[in-house]
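Worksheet for the structure shown next.
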Amino acid sequence: MSRGAVSQFIKHHFRHFNAAALVDAAEGYKRHLDNGGAMMITLAGAMSTAELGISLAEMIRRDKVQAISCTGANLEEDLFNLVAHDHYERVPHWRDLTPQDEQDLLERHMNRVTDTCIPEMEAMRRLEGALIDEWTAADKAGERYFPHEFLYRIIRSGKLEQYYQIDPKDSWVVAAAEKNLPIFVPGWEDSTTGNMYAGHCLAGEIKNVHTVRGGIEYMMVLADWYVETSKSHSIGFFQIGGGIAGDFPICVVPMLHQDMRRPDIPVWGYFCQISDSTTSYGSYSGAVPNEKITWGKLAVDTPKYIIESDASIVAPLVFAVVLDC
């Protein structure tokens, strides 16, 4: 396939420093897949509110992603945007907001993420209505599912389609549901829907708090996925941001080696992180890739890249190169 206009522009202009690192990482991503590799992408921060789904969904559809680890916020915010996009408000002058301006947003139930306000009633409560039906039905039936599985059930049921306000092809969770993509959501309780779930448990509407499966079970399923997938594919790790979305899944390898006594399991076969974290003492998010060698996560010869820049700018450009856009 011939290289597209965006890829041509990047290849011609991005020649040095972080720009060159972007090209190197993207070309390394392509080589990894071309050599039969699989790729996990991890999503930190508020990448879904940044509408990364516009490019990530196509990556999923084109089989450029084999698994995703994300925060609960990124999982839910993709669907918030799907069902309430027209009600969002952008605040370009967000740096100039006074405490009273912020209070005014609160009173209008507009939850701000940098320059973007998420409408509580149209986004959060609309999704909650569909989730509580699924949660209580599963609870009564004695069934248990992971957070992403509940969302897959809602998407496949069509319950929310009447509220769609963007083209669903721009939702990465919809694309993932169509592919039945493995998703891992460590720390899901640290999210809006996780807080909602806790509230419904406290209210007695959900009897078994474990109706939504948790993080230890996610690690166990991740371990099974990694062992099976690594039998036939080298697995790469493309980390967007830092935090638990990246720290949790990358540890599956040393866990298998050290705790399960499985030294035969291969380490990650590619690593790239888009980071704006300052490299400093004790920072996991800002640690250089070589530090991961000491933890048994990467090998000496694992291709390693770090792009120190804004992920909302960089990630779609990397995806454009991978997709030959």
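Hydrophobic clustering, with ILVMFWY side chains joined whenever heavy atoms are under 4.5 angstrom apart, groups Leu79 together with Ile166. In the hydrophobic clustering of this structure, Leu56 groups with Val6; members are Ile, Leu, Val, Met, Phe, Trp, Tyr whose side-chain heavy atoms approach within less than 4.5 Å, directly or through other members. Criterion: ILVMFWY side-chain heavy atoms under 4.5 Å apart, direct or through other members. Under it, Tyr305 and Phe17 are not part of a common hydrophobic cluster. Neither Ile240 nor Ile306 shares a network with the other; the hydrophobic side chains, linked directly or stepwise wherever heavy atoms of I, L, V, M, F, W or Y lie under 4.5 Å apart, form separate groups for each. Hydrophobic clustering (ILVMFWY, side-chain heavy atoms < 4.5 Å, transitive): Ile118 and Met121 are in distinct clusters.
Shown here for Val91 and Cys117, the closest heavy-atom pair between the two residues is CG2-SG, 3.7 Å. Listed here is the closest heavy atom pair of Thr211 and Glu143: CG2-O, 3.7 Å. Taking all atoms of both residues into account, the shortest heavy-atom contact from Gln273 to Gly242 is NE2-CA, 4.1 Å. Closest approach of Glu308 and Asn18 over heavy atoms only: N-OD1, 2.7 Å. The two residues Cys272 and Ile307 have their closest heavy-atom pair at SG-CD1, 4.0 Å. Nearest heavy-atom pair across Phe150 and Leu131 is CB-CD2, 4.2 Å.
Salt-bridge formation is detected for the pair Lys179/Asp63: a Lys NZ or Arg NE/NH1/NH2 atom is positioned less than 4.0 Å from an Asp or Glu carboxylate oxygen. The pair Asp115-Arg95 does not meet the salt-bridge criterion, since no charged nitrogen lies less than 4.0 angstrom from a carboxylate oxygen.
No donor-acceptor pair under 3.5 Å is formed between the side chain of Ser69 and the backbone N or O of Pro186. Looking only at distances, a side-chain donor or acceptor of Tyr270 sits under 3.5 Å from a matching main-chain atom of Ala25. His85 places no side-chain N or O within 3.5 Å of a backbone atom of Asp167 that could act as its donor or acceptor partner. Looking only at distances, no side-chain donor or acceptor of Arg125 sits under 3.5 Å from a matching main-chain atom of Glu122. Although no hydrogens or angles enter the test, the distance criterion places no donor-acceptor pair under 3.5 Å between the side chain of Asn35 and the main chain of Gly37. No donor-acceptor pair closer than 3.5 Å links the side chain of Tyr197 to the backbone N or O of Ile206. No side-chain donor-acceptor contact under 3.5 Å links Asp24 to the backbone of Ala21.
We find the CG-CG distance between Leu105 and Asn111 to be 9.0 Å, quoted to the nearest 0.5 Å. For the atom pair OG (Ser7) and CG (Asp324), the distance works out to 5.5 Å, reported to the nearest 0.5 Å. In this structure, the separation between OH on Tyr88 and CD on Gln165 is 9.5 Å, given to the nearest 0.5 Å. Taken to the nearest 0.5 Å, the OH atom of Tyr226 stands 9.5 Å off from the CG atom of Leu222. Note: Ile293 CD1 to Thr302 OG1 = 7.0 Å, rounded to the nearest 0.5 Å. Between atom CD of residue Glu51 and atom OG of residue Ser171 there is a gap of 11.0 Å, rounded to the nearest 0.5 Å.
Looking at Val252 and Phe184, their side chains never come closer than 4.5 Å, going by heavy atoms from C-beta outward. For the pair Ile54 and Trp172, the minimum side-chain heavy-atom distance is 4.5 Å or more. A 4.5 Å side-chain heavy-atom check between Ile265 and Met260 finds every atom pair outside the cut-off. Contact annotation: the side chain of Ile235 never approaches that of Met39 to less than 4.5 Å [non-hydrogen atoms, C-beta and beyond]. A heavy-atom distance below 4.5 Å is not found between the side chains of Gln66 and Met40. A heavy-atom distance below 4.5 Å is found between the side chains of Val322 and Met59. Using a 4.5 Å heavy-atom cutoff, the side chains of Thr42 and Phe238 are not in contact. Side-chain contact check for Glu178 versus Arg156: every heavy-atom pair is 4.5 Å or farther apart.
Both tests hold for Lys297 against Trp295: distance to the six-membered ring centre under 6.0 Å, angle to the ring axis within 45°. Judged by the 6.0 Å and 45° rule, Arg213 forms no cation-pi pair with Tyr145.
In this structure, the salt bridge (Lys or Arg N to Asp or Glu O under 4.0 Å) partners of Asp264, at least two apart in sequence or on a different chain, are Arg262. Judged as a salt bridge (Lys or Arg N to Asp or Glu O under 4.0 Å), and not counting sequence neighbours, the contacts of Glu58 are Arg61, Arg62.
Annotation for His16: atom NE2 does not count as buried by contact number, only 12 or fewer foreign heavy atoms lying within 6.0 Å. With a 6.0 Å radius and a threshold of 12 heavy atoms from other residues, nucleotides or ligands, Asp104 has its CG atom above the threshold.
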- Message: As a quick check of understanding, evaluate side-chain hydrogen bond (donor to acceptor under 3.5 Å, both in side chains) for Glu120 and His109, giving each step before the final call.
- Response: CA-CA 5 Å; Glu120 177 187 336; His109 301 277; 3.0 Å; yes
- Just do the side-chain contact (heavy atoms from CB on, under 4.5 Å) check on Leu22 and Ile10 with the steps written out, would you? CA-CA 9 Å; Leu22 184 156; Ile10 291 170; 4.1 Å; yes
- Which is it for Trp268 and Ile250 under the side-chain contact (heavy atoms from CB on, under 4.5 Å) test, yes or no, and what are the steps along the way? CA-CA 8 Å; Trp268 297 94; Ile250 203 168; 3.5 Å; yes
- Message: Please determine whether salt bridge (charged side-chain N to carboxylate O under 4.0 Å, His left out) holds for the pair Arg144 and Asp139, giving the CA-CA distance in whole Å, both sets of side-chain angles, and the decisive distance to 0.1 Å.
- Response: CA-CA 7 Å; Arg144 303 176 60 241; Asp139 189 58; over 6 Å; no
- Task: Take Phe319 and Ile41 through the side-chain contact (heavy atoms from CB on, under 4.5 Å) test and state the conclusion after the steps.
- Result: CA-CA 11 Å; Phe319 295 165; Ile41 287 181; 3.9 Å; yes
- Item | Step-by-step side-chain contact (heavy atoms from CB on, under 4.5 Å) determination, Asn81 to Thr49 | CA-CA 7 Å; Asn81 181 62; Thr49 292; over 6 Å; no
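In summary, the side chains of Asn74 and Thr71 do present a donor paired with an acceptor at a separation below 3.5 Å, with no hydrogens or angles considered.
Contacts classified as salt bridge (Lys or Arg N to Asp or Glu O under 4.0 Å) and involving residues 230-256 (residues at least two apart or in different chains) are given here: Glu228-Lys231. Residues in residues 66-89 take part in these salt bridge (Lys or Arg N to Asp or Glu O under 4.0 Å) pairs, two or more places apart or across chains: Glu89-Arg108.
Grouped with Met220 in one hydrophobic cluster are Ile216, the linkage being side-chain heavy-atom contacts under 4.5 Å among Ile, Leu, Val, Met, Phe, Trp and Tyr residues. Other residues sharing a hydrophobic cluster with Val288 under the 4.5 Å side-chain heavy-atom criterion for ILVMFWY residues do not exist; the residue is a singleton.
Annotation: Trp188 is not in aromatic contact with Tyr218 [ring centroid separation under 6.0 Å not met].
Ring geometry for His148 against Tyr152 counts as perpendicular: the plane angle is over 60°, on a 0 to 90° scale with 30° as the lower cut.
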